[in-house]
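These numbers were taken from a predicted model, which means no experiment stands behind them. In what follows, every chain begins at residue 1, and chains take the letters A, B, ... in the order their sequences are listed.
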Protein chains: 2
Amino acid sequence: MPTPTTRELIVEQADLLFYEGGYEATSFAEIAAALGISRGNFYHHFKTKDDILEAVITRRIEKTRAMLDGWQAEGVDPRARILSFIRLLIANRAKIMAFGCPVGTLSLELAKLDHVAQDRAAEVFGLFRDWLVRQFRALGAGERSEALALHLLVWSQGVAVMASSLRDETIIPREVEGIDHWLATLPDLAPAR
Amino acid sequence: MPTPTTRELIVEQADLLFYEGGYEATSFAEIAAALGISRGNFYHHFKTKDDILEAVITRRIEKTRAMLDGWQAEGVDPRARILSFIRLLIANRAKIMAFGCPVGTLSLELAKLDHVAQDRAAEVFGLFRDWLVRQFRALGAGERSEALALHLLVWSQGVAVMASSLRDETIIPREVEGIDHWLATLPDLAPAR
DNA sequence: GACGAATTAGGTCATCCGTCCTAGAAATCG
DNA sequence: CGATTTCTAGGACGGATGACCTAATTCGTC
């Protein structure tokens, strides 16, 4: 792995802090202090705070694309690929319970701020949706694929909101089990391998 | 209806602005300007911003309780009562698409701010959950009632997040139809009247 | 080693926020 | 009516933030 540039470090740290503390509530000083660099240093890499947000969103889009490509290459069973998506809820459950889903919470915050980057932030959801649609199509869901993909996104986002709001440890595993069962019993699809 | 006091007007306006713009991003000046009163007037009614938040949450809890009590009094069919809850998504869909669910978004924002009022804000979810549990129990769901109630909350919150993130008009009606179907075909419950 | 480009440090500036004070207006009540 | 309390207006404050500049340093390349 090449040594990350300062710019990359800033974007990485900003990504984390925007997730944990929210975009607006996170200041330049916080990011700088977390990295141990000076505040004024930011202006060289990012003219405005919106530029950092743009870079963070771009990073998230790229990371998501790479993750989806990785899952795509893992095997030929679309059901197993969808399960990889669902397993994100389990793998990240500690952070989800503390801060919700990074994509959903940023999107909601930008909607309230009426921020221009709102649509761009939602592109991550678009990536997941399109990828899920392809999996459902491969399962033979045909025209229903779009609705099924969106339903899966709805379900997982709801899990994130309720788990973090009620801080109930049992919600994520129980609902993931429900999603697994739903996926296994969807009617009129190619059978599981 | 009695003439609302200045304090009540402040809480009402703050409730709306916290919903539409977020808690932290809404300033005293904004609320004051929206009401046409002076900033200094606030200090007489609320010492700190947290006090206003506390009052807003209390107002939401009371409104929610009144709404649930109203549904409870409307008839004897628990299925119809649950449908009243689901219909909230339809009735409020314009605002939900613009700003998400007021309960979910506030809860998520307070979680990121690590705000002391986080649990208190989640009490609204607790009210819905407990009320829904009672309805499912009345339907004969027994031990499953808690999980079913939470699943309904999960589902509706997911709808709110995805509808506002993707700004897709079709999500809310399609998913509400899915919830209706789910509710009508839940196994081993008392039949619909 | 020289030199130009990239990077960094430290600091300034205007603005806005929440908080708080004081003086006056309005309402309440003996 | 006067007295006392409640309410309102407007402004002042310390602090924090985003935006921005300048000088010094580091680094790659010849």
Is it true that B:Arg60 and B:Glu123 make a salt bridge, defined as a side-chain N closer than 4.0 Å to a carboxylate O? no
Mutual orientation of the aromatic rings belonging to B:Phe28 and B:Phe42 [parallel < 30°, tilted 30-60°, perpendicular > 60°]: parallel
For A:Phe28, report the nucleic acid contact type (base, sugar-phosphate, nothing); a contact means any heavy atom under 4.0 Å. sugar-phosphate
Calculate the interatomic distance between A:Leu35 atom CG and C:dT8 atom P; express it in whole Å. 10 Å
Quick check with a 6.0 Å cut-off and a 45 degree axis cone: is B:Lys47 positioned over the face of B:Tyr43's six-membered ring? yes
For the pair made of NE2 in A:His44 and C1' in C:dG10, what is the distance, rounded to whole Å? 16 Å
Testing C:dG18, D:dT17, C:dT8 for proximity to the side chain of A:Thr6, the answer is C:dT8
Would you say D:dT8 has OP1 or OP2 under 4.0 Å from some side-chain N or O of B:His45? yes
Just the atom pairs and distances: protein N or O near nucleotides 23-29 of chain D's N or O, under 3.5 Å.
none

Quickly work out the A:Ile31 CD1 to D:dT17 P distance and round it to whole Å. 11 Å
Find the distance B:Ile52:CD1 to C:dG18:P and express it as a whole number of Å. 9 Å
Taking B:Leu53 as the starting point, is it possible to reach B:Leu35 by hopping between hydrophobic residues whose side chains are less than 4.5 Å apart? yes
